[in-house]
Amino acid sequence: MGRGRVQLKRIENKINRQVTFSKRRSGLLKKAHEISVLCDAEVALIVFSTKGKLFEYSTDSCMERILERYERYSYAERQHVAGDLEQNGSWTLEHAKLKARMEVLLKNQKHFMGEDLDTLGLRELQNLEQQLDSALKHIRSRKNQLMHESISELQKKDKALQEQNNVLAKKVKEKEKEVLAQQTQWEEQNHTLDLVSDLPVQPLQSFNIGGSYQAIRGSGRDDEGTPSDQHRANAVLLPPWMLRHLEQ
């Protein structure tokens with residue numbers, strides 16, 4: 001039969017309480033020593049009895065060193081917790097400030113758009129009007145500046161295009177002169193070819209120059225007083241310069 005769970009509560013009997021304290025204290029000191037040896041841990045144990053008597057245990061290092069280390073870590077932990085709390089508080093405050101600022105900006109935006117003006121008084125409306133007038137002046141000034149810059153840029157482009165157009169026009173005129181000169185040369189060549197083609201070209205193999213010349217110089221005319229048929233045929237076939245030479 002297993003042992004049941006014992007309910008922990010204060011022992012009313014003073015003698016039994018003292019006996020239990022002595023037994024449990026010895027066991028606690030024994031366990032502290034065991035955990036320090038087995039786990040290589042620094043252990044410090046402090047126990048005060050009901051009468052105020054001190055019982056303590058510490059590992060090889062002294063109790064003061066362990067307590068100083070405890071104080072150092074305890075202070076650092078408290079500072080860390082305090083820093084977290086302070087940081088959380090600062091973030092909360094910053095969030096509230098930003099939220100309020102956002103609400104103000106949204107409200108001003110509505111006012112600039114001409115909305116929710118019923119809550120504004122005469123002075124506030126005058127201030128709003130002045131702000132809008134100042135904003136319009138800045139907007140117009142910036143718009144005029146951009147327009148002047150755009151016009152200046154367009155004028156520069158127009159000047160560059162005009163110069164380019166002049167260069168192209170000059171090239172076109174030079175090209176037209178070259179084409180006209182070539183056309184004139186071609187016309188002259190064609191005219192010369194036409195003149196040469198108009199000259200009567202007779203086949204020289206159809207007559208004998210020597211024989212004809214001798215016949216003309218020997219007889220000149222036939223018995224009836226007219227040029228002979230051979231002389232007329234030669235006169236038709238021969239070119240003018242040759243005829244002049246034969247007449248001489």
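Below, all heavy atoms of this structure are taken into account, side chains as well, without hydrogens, waters or symmetry copies. Position 1 is the first residue of the sequence; numbering continues from there.
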Within a 6.0 Å radius of atom [atom1] on [X], are there more than 12 heavy atoms belonging to other residues, nucleotides or ligands?
X    : atom1 : value
E129 : CD    : no
Y70  : OH    : no
I35  : CD1   : no
L38  : CG    : yes
R24  : CZ    : no
D40  : CG    : no
Q109 : CD    : no

Enter the distance from [X]:[atom1] to [Y]:[atom2] here, rounded to the nearest 0.5 Å.
X    : Y    : atom1 : atom2 : answer
L67  : E56  : CG    : CD    : 8.5 Å
E153 : K156 : CD    : NZ    : 6.0 Å
T20  : I11  : OG1   : CD1   : 3.5 Å
S49  : Q18  : OG    : CD    : 7.0 Å
L161 : L154 : CG    : CG    : 10.5 Å
S26  : K31  : OG    : NZ    : 13.0 Å

Do [X] side-chain atoms and [Y] backbone N/O form a donor-acceptor pair below 3.5 Å?
X    : Y    : value
S152 : H148 : no
N127 : R123 : yes
S36  : H33  : yes
S134 : Q130 : no

Do [X] and [Y] sit in one hydrophobic cluster, given that two such residues count as connected whenever their side-chain heavy atoms are within less than 4.5 Å of each other, even indirectly?
X    : Y    : result
F21  : I46  : no
L45  : F55  : yes
L117 : L122 : no
L28  : F48  : no

Next on the checklist: Between E163 and K159, is the side chain to side chain contact (heavy atoms under 4.5 Å, CB included) condition met? List the steps.
Outcome noted: CA-CA 6 Å; E163 293 177 355; K159 185 177 179 180; 3.7 Å; yes
Checklist entry - Would you call R69-E42 a salt bridge at under 4.0 Å N-O? => result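 E42 and R69: salt-bridged.
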Next on the checklist: Does this structure show an ion pair linking E12 with R10, if we count only N-O contacts that are shorter than 4.0 Å?
Outcome noted: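 R10 and E12: salt-bridged.
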Checklist entry - Going by distance alone, is a donor N or O of one side chain under 3.5 Å from an acceptor N or O of the other, for Q162 and D158? => result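 Side chains of Q162 and D158: pair found under 3.5 Å.
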Checklist entry - Hey, does E149 have a side-chain heavy atom less than 4.5 Å from the side chain of Q145? => result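 Yes. Closest side-chain heavy atoms under 4.5 Å.
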Checklist entry - Is there side-chain contact between H138 and R142, with at least one heavy-atom pair below 4.5 Å? => result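 When only atoms from C-beta onward are counted, R142 and H138 do not touch, as no gap falls below 4.5 Å.
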Item to check | CA sep, side-chain torsions, deciding dist, call: R101, K97, side chain to side chain contact (heavy atoms under 4.5 Å, CB included) | outcome: CA-CA 6 Å; R101 181 63 176 170; K97 290 181 179 179; over 6 Å; no
Which atom of [X] lies closest to which atom of [Y], heavy atoms considered:
X    : Y    : result
M63  : Y57  : CE-O, 3.5 Å
V43  : I66  : O-CD1, 3.6 Å
H111 : E115 : CD2-O, 3.4 Å

Next on the checklist: Using side chain to side chain contact (heavy atoms under 4.5 Å, CB included), reason through R17 and K14 one step at a time and then give a plain yes or no.
Outcome noted: CA-CA 5 Å; R17 186 168 61 245; K14 184 178 180 180; 3.8 Å; yes
Checklist entry - Please walk me through it: do R140 and L136 pass side chain to side chain contact (heavy atoms under 4.5 Å, CB included)? => result CA-CA 6 Å; R140 291 192 183 98; L136 286 174; 3.6 Å; yes
